[in-house]
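Inspection log for the structure reproduced underneath, given as structure tokens.
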Amino acid sequence: MPRQGLGMPIVSGASNAPVTVIDDVLWEDFGGSGGEIALNYQETRTNSILHSQDATDAEAWTKANTAIDSTLYEAPDNSTTANAIKSDGTGEQVYKITQTSLSVTAGKTYTLSVHVKKENLGFARIYFSDGAAKKADFNLTTGAVGSTSNTIRTQVDAMDDGWFRCSMTFVATSTISSGQVRFSALAADGDNTPSVAVSGIVLIYVWGFQLEESIEATSYIVTTTEARTATTTLNDTSDVWDFDGADLTPEADPDDEGVWEVPANIVLNGDYEELGSELVTNGTFDADSDWTTTGGWTISGGSAN
């Protein structure tokens with residue numbers, strides 16, 4: 001029995017009261033002459049990065065010393081949509097892809113994340129600049145976080161087949177619409193210019209870039225030509241109201257969070273054992289004793305006749 005709250009009808013004082021949305025809280029018309037409405041909280045998440053799993057797009061991504069061809073590879077979601085960042089030149093180079101024109105607001109918290117898998121280079125860096133650089137390096141063999149700058153949180157989630165989801169959380173320094181996301185393939189923690197001897201080899205695999213206003217990386221939202229917002233309806237599914245399948249109907253009068261009052265007259269099992277011992281003598285009619293019979297009644301053998 002869920003409590004009256006998120007997802008439950010709430011009776012209003014006026015019939016068919018209008019719906020209202022305040023800070024993403026949606027009060028929906030529940031119908032009926034009593035003016036019942038339902039409270040429904042909606043969470044919205046927006047991925048601001050364009051072409052989030054297509055680093056070949058020349059308008060969204062610029063490349064430095066890298067080549068990303070049309071060949072696609074298996075991604076963490078088992079689709080064939082991941083890109084390979086390849087070397088485009090040899091020697092000590094900065095191998096990176098960059099996306100600009102990203103908007104952030106000063107003082108708000110954002111999380112930048114990407115799915116990465118090593119090949120010939122085993123480290124990666126994610127970077128964001130709004131006038132001040134925020135960055136974090138990641139070891140794609142061990143999953144360890146390396147050097148960081150101006151971040152408040154970093155996280156690495158290991159996935160199947162050698163993939164990691166790497167993320168960093170930061171507070172925006174400035175309010176701008178020209179923020180810059182950068183991804184670099186590294187040979188070691190802090191190594192800005194790894195030396196690659198052969199052109200055209202796969203350095204690293206990438207998939208699923210996401211920049212969102214959040215204190216942590218949330219479920220990935222794929223984008224193409226524009227930012228995309230996903231809406232999730234949050235229901236009241238608190239575990240404190242779960243009675244683990246017990247066969248009872250408790251009185252809806254909780255003393256405090258998760259504790260319900262069970263009246264004394266509720267039977268909790270089928271054989272009534274907890275109601276106490278039998279008070280009737282010879283209630284099974286085994287013999288004609290302890291009973292007064294009238295009008296032709298007889299008692300014997302466990303029955304009254």
>> Can you tell me how far apart OG (S195) and CD (Q93) are? Round to the nearest 0.5 Å.
In response: 8.5 Å

> Who pairs with T46 by side-chain hydrogen bond (donor to acceptor under 3.5 Å, both in side chains), at least two apart in sequence or on another chain?
Replying inline: T229

> Taking atom OG of S147 and atom NZ of K135, what is their separation to the nearest 0.5 Å?
Replying inline: 7.5 Å

> What pairs meet the salt bridge (Lys or Arg N to Asp or Glu O under 4.0 Å) rule with one or both residues in residues 67-85, with sequence neighbours excluded?
Replying inline: D69-K86

>> Which heavy atom of Y127 sits nearest to which heavy atom of A133, and what is that distance?
In response: CE1-CB, 3.6 Å

>> Please enumerate all residues that pass ring pair (Phe, Tyr, Trp, His ring centres under 6.0 Å) together with F128, with sequence neighbours excluded.
In response: F170

> Residues in salt bridge (Lys or Arg N to Asp or Glu O under 4.0 Å) with K117, at least two apart?
Replying inline: D161

>> Go through it in stages, so that I can follow the logic: the residues are T111 and S214, the test is side-chain hydrogen bond (donor to acceptor under 3.5 Å, both in side chains), and I'd like the CA-CA distance, side-chain angles, deciding distance and then a yes or no.
In response: CA-CA 6 Å; T111 295; S214 174; 4.8 Å; no

> Which residue pairs pass the salt bridge (Lys or Arg N to Asp or Glu O under 4.0 Å) test when at least one of the two sits in residues 119-130, sequence neighbours left out?
Replying inline: R125-D137, D130-K134

> Taking F209 as the fixed residue, which of I97, T223, L50 is the one that meets the side chain to side chain contact (heavy atoms under 4.5 Å, CB included) rule?
Replying inline: I97

> Is it the case that one hydrophobic cluster holds both V156 and V116, taking links as side-chain heavy atoms less than 4.5 Å apart, direct or via other members?
Replying inline: yes

>> Under a plain distance cut-off of 3.5 Å, with no hydrogens placed, do T105 and T175 share a side-chain donor-acceptor pair?
In response: no

>> Membership question, hydrophobic clusters at under 4.5 Å side-chain separation (ILVMFWY): are L121 and L186 in the same one?
In response: no

> Does the side-chain contact (heavy atoms from CB on, under 4.5 Å) test come out yes or no for H51 and T225, once each step is laid out?
Replying inline: CA-CA 6 Å; H51 291 281; T225 58; 3.9 Å; yes

> Are the side chains of T98 and T100 in touch, meaning some heavy atoms are under 4.5 Å apart?
Replying inline: yes

>> Which Ile, Leu, Val, Met, Phe, Trp or Tyr residues join Y220 in one cluster when any pair of side-chain heavy atoms under 4.5 Å counts as a link?
In response: Y73, M159, W163, V202, Y205, W207, V222

>> Give me each pair satisfying salt bridge (Lys or Arg N to Asp or Glu O under 4.0 Å) with a member in residues 87-99, each pair once, sequence neighbours excluded.
In response: none

> Would you say I152 has more than 12 foreign heavy atoms packed within less than 6.0 Å of its CD1?
Replying inline: yes

>> Let's go through N139 and D189 carefully: what are the C-alpha distance in whole Å and the side-chain angles of both, what is the deciding distance for side-chain contact (heavy atoms from CB on, under 4.5 Å) to 0.1 Å, and is it a yes or a no?
In response: CA-CA 7 Å; N139 185 324; D189 179 27; over 6 Å; no

> Are V145 and I126 connected, step by step, through hydrophobic side chains (Ile, Leu, Val, Met, Phe, Trp, Tyr) whose heavy atoms are closer than 4.5 Å?
Replying inline: yes

>> Please enumerate all residues that pass side chain to side chain contact (heavy atoms under 4.5 Å, CB included) together with S178, with sequence neighbours excluded.
In response: I176

> For E213 and T109, what are the C-alpha separation, side-chain angles and deciding distance, and is it a side-chain hydrogen bond (donor to acceptor under 3.5 Å, both in side chains)?
Replying inline: CA-CA 6 Å; E213 185 183 338; T109 301; over 6 Å; no

> Tell me, do V206 and H115 make a side-chain contact under 4.5 Å, heavy atoms counted?
Replying inline: no

> Would Y95 and F123 show up in the same hydrophobic cluster when neighbours are defined by side-chain heavy atoms closer than 4.5 Å?
Replying inline: no

> Is the centre of the F183 ring less than 6.0 Å from the centre of the W61 ring?
Replying inline: no

> What pairs meet the salt bridge (Lys or Arg N to Asp or Glu O under 4.0 Å) rule with one or both residues in residues 215-228, with sequence neighbours excluded?
Replying inline: R153-E216

>> If I compare all heavy atoms of S48 with all of L102, which pair ends up nearest, and what's the gap?
In response: O-CD2, 3.4 Å

> Among all residues two or more places apart in sequence or in another chain, which pass the side chain to side chain contact (heavy atoms under 4.5 Å, CB included) test with T151?
Replying inline: T148, T154, M168

> Which residues, ordered by chain and number, are linked to V94 in its hydrophobic cluster, where ILVMFWY side chains connect at heavy-atom gaps below 4.5 Å, directly or through other members?
Replying inline: none

> Should L140 and C166 count as side-chain neighbours, where that means a heavy-atom distance under 4.5 Å?
Replying inline: yes

>> I'd like to check the side chain to side chain contact (heavy atoms under 4.5 Å, CB included) partners of S219; sequence neighbours left out, ordered by chain and number.
In response: R45

